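Notes follow once the structure below has been shown.
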Amino acid sequence: MSQAVFPDVAESRMVLAANFRKYGNGPDFWDAYQRLLDATVLGSEFKAEVANHLALLAQEMGVLKTAQLL
């Protein structure tokens, strides 16, 4: 997945990490995750790819054991 294709995703790791530090793995984290996902895929023709990328970022950070990909 190219960062050039998904420029907003380049900052996603920082946003996810900050929310994970702030909220842990609770509902507030997942609300923030959903808002980030919604903002990132808005108008994108690569919705599934972006969603998969964010899920894999969450997995890499240890938020969840196994990401479910689209």
Side-chain angles (χ1 to χ4, degrees):
M1 188 172 313
S2 169
Q3 292 297 334
V5 174
F6 307 108
D8 295 334
V9 175
E11 297 178 20
S12 297
R13 177 177 279 285
M14 292 186 322
V15 172
L16 285 178
N19 282 293
F20 187 54
R21 282 191 304 274
K22 185 173 183 178
Y23 302 119
N25 191 17
D28 290 330
F29 169 80
W30 292 106
D31 286 345
Y33 178 93
Q34 187 63 51
R35 286 192 305 273
L36 176 63
L37 179 60
D38 291 345
T40 304
V41 300
L42 185 65
S44 174
E45 61 188 83
F46 302 103
K47 290 178 174 59
E49 291 89 344
V50 172
N52 287 342
H53 187 76
L54 289 177
L56 289 172
L57 284 176
Q59 178 181 310
E60 289 172 14
M61 291 176 9
V63 176
L64 53 115
K65 185 175 179 177
T66 304
Q68 184 172 349
L69 305 180
L70 303 174

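Predicted model only: the values in this text are computed from it and were never measured.
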Contact between Leu16 and Phe29 at the side-chain level, heavy atoms closer than 4.5 Å - yes or no?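 Yes, at least one pair of side-chain atoms sits under 4.5 Å.
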Mind checking whether Asn25 and Trp30 have side chains closer than 4.5 Å, heavy atoms only?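 The answer is yes, as the side chains (C-beta and beyond) meet within the 4.5 Å cut-off.
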Of all residues at least two apart in sequence or in a different chain, which pass the side-chain hydrogen bond (donor to acceptor under 3.5 Å, both in side chains) check with Gln34? Asp38
Taking side-chain hydrogen bond (donor to acceptor under 3.5 Å, both in side chains) as the test, write out the residues that go with Asp28, two or more places apart.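 If we apply the side-chain hydrogen bond (donor to acceptor under 3.5 Å, both in side chains) test to Asp28, skipping adjacent residues, there are no hits.
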Nearest-0.5 Å distance, [atom1] of residue [X] to [atom2] of residue [Y]:
| X | Y | atom1 | atom2 | value |
| --- | --- | --- | --- | --- |
| Arg13 | Leu54 | CZ | CG | 11.0 Å |
| Leu37 | Lys47 | CG | NZ | 10.0 Å |
| Leu56 | Ser12 | CG | OG | 12.0 Å |

Atom pairs and distances, donor-acceptor, side-chain atoms in residues 63-70, under 3.5 Å, two or more places apart:
none

Donor-acceptor contact present, side-chain Tyr33 to main-chain Ala55, <3.5 Å: yes
